[in-house]
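Contents: one structure, followed by commentary.
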Amino acid sequence: SYAGAEQRLNAQLRVAQLYRMRLDATGAERALESARQLLPGAGPTLAGRYLLESSNVYVMRREYETAEQLVKEAVGVFRQAGDARHAAIASSDLGALYEDVLKHELAEEWYRTALDELGHSGDNRNLANTTMNLAITLKSQGRIDESLKEFERALAIAEETGDRRTQSTV
């Protein structure tokens, strides 16, 4: 059934994520290959998540151009589906990718895009984290006053959530 296939796909994406957390790119790739076979007929959110998880493996392998292409594709999939929250998460992931390769201006652009998209989603946890990431990027560019403003904004958002996990990451 369609729902059963989506559940199996979601489970394979979680397995890939766990392998990635163990820094096991080969295990993650195996799980993603199993996930890929379940993609036909999957909804756009799972298809986009597959692209994001795949991009993470390429980042592990330092194949940044391929990772960048996959994240941009995921942003497009989420936007086309009208999924602002996941589009924002993917945009933030692209900001992090650019920050990793020291392309601070592009990182800033994508973090700001993510913040615009998150403003419409009600996802304050990701709003706080992305605001913090923007602050770090601004700091990397030597824009200390702007960075401080964004750090303070991230802290205020985290306080509003009342969520200790969000507060601890900011």
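Reckoned from all heavy atoms, side chains included, excluding hydrogens, waters and symmetry mates.
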- Item | Cluster link Leu118 to Leu134, ILVMFWY, side chain under 4.5 Å | yes
Report task. Look at Glu33 together with Arg36 and state whether they make a salt bridge at an N to O cut-off of under 4.0 Å. Result -> yes
Worksheet item: Would Thr130 and Ser92 count as a side chain to side chain donor-acceptor pair (under 3.5 Å) if you check the C-alpha gap in whole Å, the side-chain angles of each, and the deciding distance to 0.1 Å?
Response: CA-CA 6 Å; Thr130 301; Ser92 185; 3.3 Å; yes
Residues Arg61 and Ala25: closest non-hydrogen pair is NH2-CB, 3.5 Å
Given Leu127 and Asp123, is the side-chain contact (heavy atoms from CB on, under 4.5 Å) satisfied, shown in steps?
-> CA-CA 6 Å; Leu127 185 63; Asp123 183 349; over 6 Å; no
Between the CZ atom in Arg143 and the NZ atom in Lys139, the distance rounded to the nearest 0.5 Å is 14.5 Å
Correct closest heavy-atom pair for Ala107 and Gly95 would be CB-O, 3.3 Å
Check your understanding: Under 4.5 Å between side-chain heavy atoms, hopping through other hydrophobics if needed: is there a path connecting Tyr64 to Leu70?
Key -> no
Practice problem: State, yes or no, whether a side-chain contact exists between Val75 and Lys72 at a heavy-atom distance under 4.5 Å. | Solution: no
- Item | ILVMFWY cluster, Val57 and Leu39 together (side-chain gap under 4.5 Å) | yes
Heavy atoms of Ala42 and Leu9 approach each other most closely as CB-CD2, 3.6 Å
Kindly indicate whether the side chain of Gln80, heavy atoms from C-beta on, has any atom under 4.5 Å from the side chain of Val77. no
(Q) Could you check whether any side-chain heavy atom of Tyr111 comes within less than 4.5 Å of a side-chain heavy atom of Leu138, counting everything from C-beta outward? (A) no
CG (Asn56) and CD (Glu53) are apart, to the nearest 0.5 Å, by 5.0 Å
CG of Leu106 to CG of Leu97, rounded to nearest 0.5 Å, is 10.0 Å
OH (Tyr50) and CD (Glu73) are apart, to the nearest 0.5 Å, by 10.0 Å
His104 and Leu102: CA distance, side-chain angles, deciding distance, side-chain contact (heavy atoms from CB on, under 4.5 Å) verdict:
CA-CA 5 Å; His104 303 299; Leu102 305 178; 4.0 Å; yes
Can you check whether Met132 reaches Phe151 side chain to side chain, under 4.5 Å on heavy atoms?
yes
In terms of heavy-atom contacts, Ala28 and Arg20 come closest through CB-N, 4.2 Å
Item checked: Close side-chain approach of Ile89 and Asn126, heavy atoms under 4.5 Å -> yes
The reported gap from CZ in Arg125 to CG in Asn129 (rounded to nearest 0.5 angstrom) is 8.0 Å
Exercise for the section: Check the pair Leu46 / Arg49 against side-chain contact (heavy atoms from CB on, under 4.5 Å), numbers first and verdict last. Expected result: CA-CA 5 Å; Leu46 284 174; Arg49 285 186 48 224; 3.2 Å; yes
Exercise for review: Find out whether Tyr19 and Arg30 are in side-chain contact, i.e. whether some heavy atom of one side chain is under 4.5 Å from a heavy atom of the other.
Suggested key: yes
Are Glu108 and Arg112 within salt-bridge range, i.e. N to O under 4.0 Å?
yes
key: Sub-4.5 Å side-chain heavy-atom contact between Leu115 and Arg153   = yes
dist Glu109:CD -> Ser91:OG (nearest 0.5 Å) comes out at 10.0 Å
Q. Below 4.0 angstrom, N of the basic side chain to O of the carboxylate: do Glu68 and Lys103 qualify?
A. no
Q. When you look at OH of Tyr58, are more than 12 heavy atoms from neighbouring residues, nucleotides or ligands closer to it than 6.0 Å?
A. no
Test side chain to side chain contact (heavy atoms under 4.5 Å, CB included), reference Glu150, set Ile136, Leu155, Thr131, output is Thr131
Go through the steps to decide whether Leu32 and Leu13 satisfy the test side-chain contact (heavy atoms from CB on, under 4.5 Å), and finish with yes or no. CA-CA 7 Å; Leu32 286 167; Leu13 292 174; 4.0 Å; yes
**OP:** Look at the side chain of Glu6 and the backbone N and O of Gly43, then say whether any donor-acceptor pair between them is shorter than 3.5 Å.
**Re:** yes
Which of Arg79, Arg85, His86 passes side chain to side chain donor-acceptor pair (under 3.5 Å) with Asp83? Answer is His86
For Ala74 and Gly48, the nearest pair of non-hydrogen atoms, with its separation, is CB-O, 3.7 Å
For Phe78 and Thr45 the tightest heavy-atom approach is CE2-O, 3.5 Å
